[in-house]
Undergrad: 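Dropping the structure in here first, questions after.
Predicted, not measured: the structure shown is a model, and the values here were computed from it. Within every chain, numbering begins at 1; the chains are lettered A, B, ... in the order of the sequence lines, protein sequences first and strands thereafter.
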Protein chains: 2
Amino acid sequence: MRESAVIATESQLGRLPSGRSGNGAVITRPSLMKKLQERGVRMTAQRRLLVEIIQDSPRHLDAAGLLRIARKHDEDIDRATVYRTIGLLKRHGLIDELDLMHIEGEKHYYEAKTNRDHCHMACFRCGAIMEYASSGFEKLKQEMAARSGFQIRVVRLEVGGVCKRCQKSAN
Amino acid sequence: MRESAVIATESQLGRLPSGRSGNGAVITRPSLMKKLQERGVRMTAQRRLLVEIIQDSPRHLDAAGLLRIARKHDEDIDRATVYRTIGLLKRHGLIDELDLMHIEGEKHYYEAKTNRDHCHMACFRCGAIMEYASSGFEKLKQEMAARSGFQIRVVRLEVGGVCKRCQKSAN
DNA sequence: ATATGTGCAAATCTTTTGCAAATTC
DNA sequence: GAATTTGCAAAAGATTTGCACATAT
């Protein structure tokens, strides 16, 4: 049996992958907090809050969404802090940045890096985001690195199209 | 011999692929003008100019760059027209939009769609963009479509890392 | 002649930055 | 106590929009 599978679908902005993908490969999201501590990054109340939200969020968050949720816990937290924390996590390679094919404007979405890369498929009709992991993707990455000599640090594979459901209800 | 190859590298923003890729697969860029005419799109002087620039540009252009070049031929052409034309070409699926890993800020870059999808690898050190096409990429797309039921319209595969050259000159 | 596209200027949206006050180690 | 981070307010950068005029079919 080939090792590839749709690992999650969700209307609107997709639920993040976790647990077991169809083929048995386990998708996990290592603890951001732990990694930050290991690296001796100074932790503030705001960072703890934001990191926890990103880590636990069941959906892809953009900066504004992250701020909105954070404000429920800390009314005074500022946009700038959100952006600065996102920058910090990006620099440490702990989160991935997505466009989701700009299905909802030019914002960026973030998710805690998983142990295994996966790609995002966005439906132009209904806005559903589907996550997809496969061994073919892993192989392609290796091939690209080997043949180009590139040392790959980040990979982003995004697809836009029409999902199965929307194809059927041909409206 | 496997069918995969680096098809172009260029310092700064990469030269667009065309001609023969290492493995013999020919990469072409079908005429945008012709496609627009086929679809009965109304053509204006501005659109003709912009389309020609995008078609012939040896490098990836962002909106500002496109405007700058267009102004050499028509001083009065406006930013808004550039954005509207980009939108038109995107809606018709005639150009691809790239981020190039945001190596130079949040802008988007555009290129005429090629007969064959290829991916972009951006070096975080020197800013070089390398283009890469491979049969593995084609296979992955097919696999993704087949297994997810998605009807794929656009694919974007971008990679960030350190290029061969920069790895050697370990500065 | 009519529908469509353009330039202009202003608006919008996302993200970044300078700085004084607050916080972390 | 020194170095770093925060909130605030303002700035910057990219893209979009309303509208009167110009252009394409």
Side-chain angles (χ1 to χ4, degrees), chain A residues 13 32-33 36-54 60-92 95 97-110, chain B residues 13 32-33 36-54 60-92 95 97-110:
Chain A
L13 296 181
L32 299 180
M33 277 298 277
L36 288 170
Q37 281 163 359
E38 282 169 14
R39 291 164 192 242
V41 173
R42 176 180 271 185
M43 289 308 292
T44 63
Q46 294 89 333
R47 282 183 183 170
R48 264 187 284 272
L49 174 58
L50 293 169
V51 163
E52 195 186 334
I53 293 172
I54 293 175
H60 298 103
L61 292 174
D62 67 337
L66 181 49
L67 176 61
R68 192 169 29 73
I69 296 176
R71 283 216 161 128
K72 290 182 186 165
H73 301 84
D74 172 357
E75 309 187 332
D76 295 331
I77 198 165
D78 193 81
R79 217 175 343 174
T81 302
V82 169
Y83 281 106
R84 289 191 274 235
T85 303
I86 288 172
L88 175 75
L89 295 170
K90 266 204 286 187
R91 280 196 304 284
H92 283 271
I95 54 175
E97 186 180 63
L98 316 167
D99 282 1
L100 302 181
M101 285 331 243
H102 296 130
I103 258 183
E104 285 197 354
E106 298 299 300
K107 32 194 161 183
H108 293 121
Y109 297 90
Y110 301 92
Chain B
L13 297 181
L32 299 180
M33 277 299 277
L36 288 169
Q37 281 163 0
E38 282 169 16
R39 290 163 192 243
V41 173
R42 176 180 267 184
M43 288 310 291
T44 63
Q46 294 89 333
R47 281 183 184 172
R48 265 187 283 273
L49 174 58
L50 293 169
V51 164
E52 196 187 334
I53 294 172
I54 293 175
H60 298 104
L61 292 174
D62 65 339
L66 182 48
L67 176 61
R68 191 168 31 74
I69 295 176
R71 283 216 161 127
K72 291 181 185 166
H73 301 83
D74 172 358
E75 308 189 332
D76 294 331
I77 198 166
D78 193 81
R79 220 176 340 179
T81 302
V82 169
Y83 281 106
R84 289 191 274 233
T85 303
I86 287 172
L88 175 75
L89 295 170
K90 267 203 286 187
R91 281 197 302 284
H92 283 270
I95 54 174
E97 186 180 64
L98 315 167
D99 281 3
L100 301 181
M101 284 332 244
H102 297 129
I103 258 183
E104 286 199 354
E106 299 299 301
K107 30 194 163 184
H108 293 120
Y109 298 89
Y110 301 92

Undergrad: Using whole Å, what does the distance between atom P of nucleotide C/dT16 and atom NZ of B/Lys107 come to?
TA: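 About 14 Å, once rounded to whole Å.
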Undergrad: If you assign each of B/Glu106 and B/Asp76 to its closest nucleotide in DNA chain C, which residue comes earlier from the 5' end?
TA: B/Asp76
Undergrad: Strictly below 4.0 Å: does B/Arg84 bring a side-chain N or O up to OP1 or OP2 of D/dT16?
TA: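 So the side chain of B/Arg84 is outside the cut-off, no N or O lying under 4.0 Å from OP1 or OP2 of D/dT16.
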Undergrad: I'd like to know whether CD of A/Glu75 has more than 12 heavy-atom contacts from other residues, nucleotides or ligands below 6.0 angstrom.
TA: no
Undergrad: How close or far is atom C1' of C/dT15 from atom CG of A/Asp78, stated in whole angstroms?
TA: 12 Å
Undergrad: Would one find more than 12 heavy atoms of other residues, nucleotides or ligands at under 6.0 Å from atom NE2 of A/His73?
TA: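 12 or below, so no.
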Undergrad: For C/dT16 and A/Tyr83 - does any side-chain N or O of the residue sit under 4.0 Å from the phosphate oxygens OP1/OP2?
TA: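 Result: no.
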Undergrad: Is it the case that the base of C/dT24 and the side chain of A/Arg42 share a donor-acceptor contact (distance under 3.5 Å, atom types as modelled)?
TA: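 Side chain to base: pair found, below 3.5 Å.
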Undergrad: Indicate whether OP1 or OP2 belonging to C/dT15 is found under 4.0 Å from a side-chain N or O atom of A/Arg79.
TA: no
Undergrad: Would you indicate, yes or no, if C/dT4 has its OP1 or OP2 atom less than 4.0 angstrom from a side-chain nitrogen or oxygen of B/Thr44?
TA: no
Undergrad: Report yes if at least one side-chain N or O of B/Gln46 is closer than 4.0 Å to OP1 or OP2 of C/dG7; otherwise report no.
TA: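 The answer is yes; a side-chain N or O of B/Gln46 sits under 4.0 Å from OP1 or OP2.
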Undergrad: Measuring from A/Ile54:CD1 to A/Met33:CE, what's the distance to the nearest 0.5 Å?
TA: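 Going from the CD1 atom of A/Ile54 to the CE atom of A/Met33 covers 12.0 Å.
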Undergrad: Taking only the side-chain heavy atoms of B/Ala80 (C-beta and beyond), determine which of C/dC8, D/dT15, C/dT14 contains the nearest atom.
TA: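 For B/Ala80, the side-chain atoms sit closest to C/dC8.
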Undergrad: Taking only the side-chain nitrogens and oxygens of A/His108, find out if one of them lies under 4.0 Å from OP1 or OP2 of C/dT14.
TA: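 So the side chain of A/His108 is outside the cut-off, no N or O lying under 4.0 Å from OP1 or OP2 of C/dT14.
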Undergrad: From CD1 of A/Ile77 over to P of C/dA22, roughly how many Å is that when rounded to an integer?
TA: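 Whole-Å distance recorded here is 17 Å.
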Undergrad: With a 3.5 Å cut-off and no angle check, do the side chains of A/Tyr110 and A/Glu97 form a donor-acceptor pair?
TA: yes
Undergrad: May I have the distance from B/Asp74 (atom CG) to D/dT23 (atom P), rounded to whole angstrom?
TA: 11 Å
Undergrad: Between A/Thr81 and D/dG7, is there a contact of a side-chain N or O with OP1 or OP2 at under 4.0 Å?
TA: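 A/Thr81 to D/dG7 OP1/OP2: side-chain N or O found under 4.0 Å.
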